[in-house]
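Just dropping this structure here.
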Amino acid sequence: MSIDRPVTDDERRTRNPRGQGWRLRDDLLLAVSQLLDEGVSPDEMSLRAVARKAGVSPMAPYRHFENFEELLGTTLKMRFGFFAEVIMTGLCFDSPTADQAHEQLVIMGHRYVEQGKANLVAYHALFDSSFVVDAEELPGVMLFESAAKLFEIVQTPMDPQVATNIYWCGLHGIVSLSRRAVPIGSSATDERLVSELADSLIGHDARRQLLKPS
């Protein structure tokens with residue numbers, strides 16, 4: 001059962017047959033995901049609320065999770081896997097040309113913003129490291145490393161990891177500020193903002209190459 005699709009009335013919880021306790025775990029993960037989709041912040045959740053959403057007793061979650069933080073962290077890792085998959089699908093990181101690397105950076109940026117704006121509550125939870133129990137498994141590592149590799153190929157004039165940090169911060173700002181602040185002096189679309197952000201971080205030689213008529 002996917003943790004991202006809604007629960008229907010026909011899927012209300014029934015007692016698991018003996019030996020199928022894993023279904024309880026999946027139901028709990030699904031319940032947390034559903035609460036996020038409904039706009040409930042992790043700060044407003046509890047094991048009791050999750051158990052109620054899953055249709056189980058308040059003590060049932062302890063069979064699989066030590067506390068709410070562990071349950072939430074597991075759910076967010078699973079959701080981030082989907083988030084990253086959407087951003088990375090169809091992209092090739094095996095020796096792309098500078099043109100291809102630039103195009104893929106822009107595509108990644110567009111997808112990032114689109115996914116982030118689709119659910120701001122879930123988005124902010126994904127990137128709040130305090131919700132991830134294991135510090136060595138913080139979300140975003142794979143996306144960061146992939147983007148840094150692309151910035152190296154497009155000959156960014158700065159350290160590729162610095163360029164990636166700036167790009168990430170810019171994308172985060174486009175997502176986060178869209179409903180919290182009014183852009184001053186600009187009516188640029190998200191698409192243009194992402195493209196301009198990517199262009200500003202590539203090397204001069206690569207930029208001139210991109211501007212050459214095909």
Side-chain angles (χ1 to χ4, degrees), residues 2 4 36-37 76-129 131-132 135-214:
S2 168
D4 287 304
L36 288 170
D37 288 338
L76 291 177
K77 288 176 187 177
M78 295 178 68
R79 286 192 67 124
F80 193 87
F82 174 75
F83 182 86
E85 181 181 354
V86 170
I87 293 175
M88 305 281 281
T89 295
L91 301 184
C92 176
F93 298 93
D94 185 17
S95 302
T97 65
D99 286 355
Q100 291 170 334
H102 172 266
E103 180 181 7
Q104 291 183 147
L105 280 168
V106 174
I107 291 174
M108 290 176 69
H110 289 325
R111 291 176 178 176
Y112 182 104
V113 170
E114 182 179 2
Q115 287 295 304
K117 285 192 170 184
N119 187 333
L120 286 174
V121 171
Y123 170 80
H124 287 295
L126 285 177
F127 290 95
D128 188 337
S129 60
F131 295 138
V132 181
E136 295 182 357
E137 297 184 17
L138 293 176
V141 174
M142 179 179 66
L143 289 177
F144 184 93
E145 291 178 347
S146 298
K149 179 180 178 181
L150 294 175
F151 273 116
E152 183 176 3
I153 293 172
V154 297
Q155 303 172 12
T156 178
M158 61 191 76
D159 184 300
Q161 292 200 350
V162 172
T164 304
N165 269 306
I166 295 173
Y167 194 44
W168 196 336
C169 289
L171 295 176
H172 183 74
I174 295 172
V175 173
S176 301
L177 297 177
S178 61
R179 297 183 184 178
R180 300 184 182 184
V182 177
I184 298 176
S186 173
S187 59
T189 63
D190 289 346
E191 290 75 14
R192 181 177 176 183
L193 288 173
V194 170
S195 297
E196 294 285 355
L197 178 61
D199 288 351
S200 69
L201 296 170
I202 67 175
H204 295 299
D205 291 341
R207 190 179 305 170
R208 284 197 298 268
Q209 185 65 31
L210 291 170
L211 292 175
K212 285 184 179 179
S214 56

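Only this structure's heavy atoms are used, side chains among them; waters, hydrogens and symmetry mates stay out. Fair warning: this is a prediction, and the values are worked out from it, not measured in the lab.
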List the atom of Leu150, the atom of Pro96, and the distance in Å for their closest heavy-atom pair.
CD2-CG, 4.1 Å
Run Arg79 and Asn119 through side-chain contact (heavy atoms from CB on, under 4.5 Å) and show every step you take.
CA-CA 12 Å; Arg79 286 192 67 124; Asn119 187 333; 4.1 Å; yes
For the residue pair Lys117 and Tyr123, establish whether any side-chain heavy-atom pair is separated by less than 4.5 Å.
no
Side chain to side chain donor-acceptor pair (under 3.5 Å) contacts in which one or both residues fall within residues 141-154, not counting sequence neighbours:
none
Could you tell me whether a side-chain N or O of Gln104 sits under 3.5 Å from a main-chain N or O of Cys92, the two making a donor and an acceptor?
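Yes, Gln104 side chain to Cys92 backbone: donor-acceptor pair under 3.5 Å.
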Those residues that, when tested against Phe151, pass ring pair (Phe, Tyr, Trp, His ring centres under 6.0 Å) (two or more places apart)
Tyr167
Measure the OG1-CD distance between Thr189 and Glu196 for me, rounded to the nearest 0.5 Å.
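Thr189 atom OG1 to Glu196 atom CD measures 9.5 Å (nearest 0.5 Å).
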Considering all heavy atoms, the nearest Ala125-Leu36 contact:
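In terms of heavy atoms, the two residues are closest at CB-CD2, 4.3 Å.
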Smallest heavy-atom separation, Leu197 atom then Leu171 atom, equals CD2-N, 3.8 Å
Separation of Phe127 CZ from Leu76 CG (nearest 0.5 Å)
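Reported to 0.5 Å precision, the distance equals 10.5 Å.
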For the pair Arg111 (side chain) and Thr89 (backbone), establish whether a donor and an acceptor sit closer than 3.5 Å, ignoring hydrogens and angles.
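Yes; at least one donor-acceptor contact below 3.5 Å.
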Would you say the side-chain atoms of Ser195 pair up with the backbone N or O of Arg192, donor to acceptor, closer than 3.5 Å?
no
How close do Leu201 and Ala163 get, counting heavy atoms only, and between which atoms?
CD1-O, 3.6 Å
Rounded to the nearest 0.5 Å, how far does CH2 of Trp168 lie from CE of Met108?
9.5 Å
How far apart are the C-alpha atoms of Gln115 and Val175, what are their side-chain angles, what is the distance that settles it, and do they pass the side-chain contact (heavy atoms from CB on, under 4.5 Å) test?
CA-CA 9 Å; Gln115 287 295 304; Val175 173; over 6 Å; no
Across all chains, not counting sequence neighbours, the salt bridge (Lys or Arg N to Asp or Glu O under 4.0 Å) partners of Glu114 are none
Within this structure, what is the NE2-CD1 distance for the pair His110 and Ile174, rounded to the nearest 0.5 Å?
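Answer rounded to 0.5 Å: 9.5 Å.
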When rounded to the nearest 0.5 Å, the distance separating CE of Met142 from CD of Glu85 is 9.0 Å
Compare all side-chain heavy atoms of Phe83 with those of Leu143 and state whether any distance is below 4.5 angstrom.
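Contact flag for Phe83/Leu143 side chains = yes.
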Closest contact, heavy atoms only, Pro160 versus Ala148
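Minimum heavy-atom separation between Pro160 and Ala148: CB-O, 3.5 Å.
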Please report the interatomic distance OG1(Thr164) to CG(Leu105), rounded to the nearest 0.5 Å.
7.5 Å
Answer whether the closest heavy-atom distance between the side chains of His102 and Asp199 falls below 4.5 Å.
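The answer is yes; the side chains approach within 4.5 Å.
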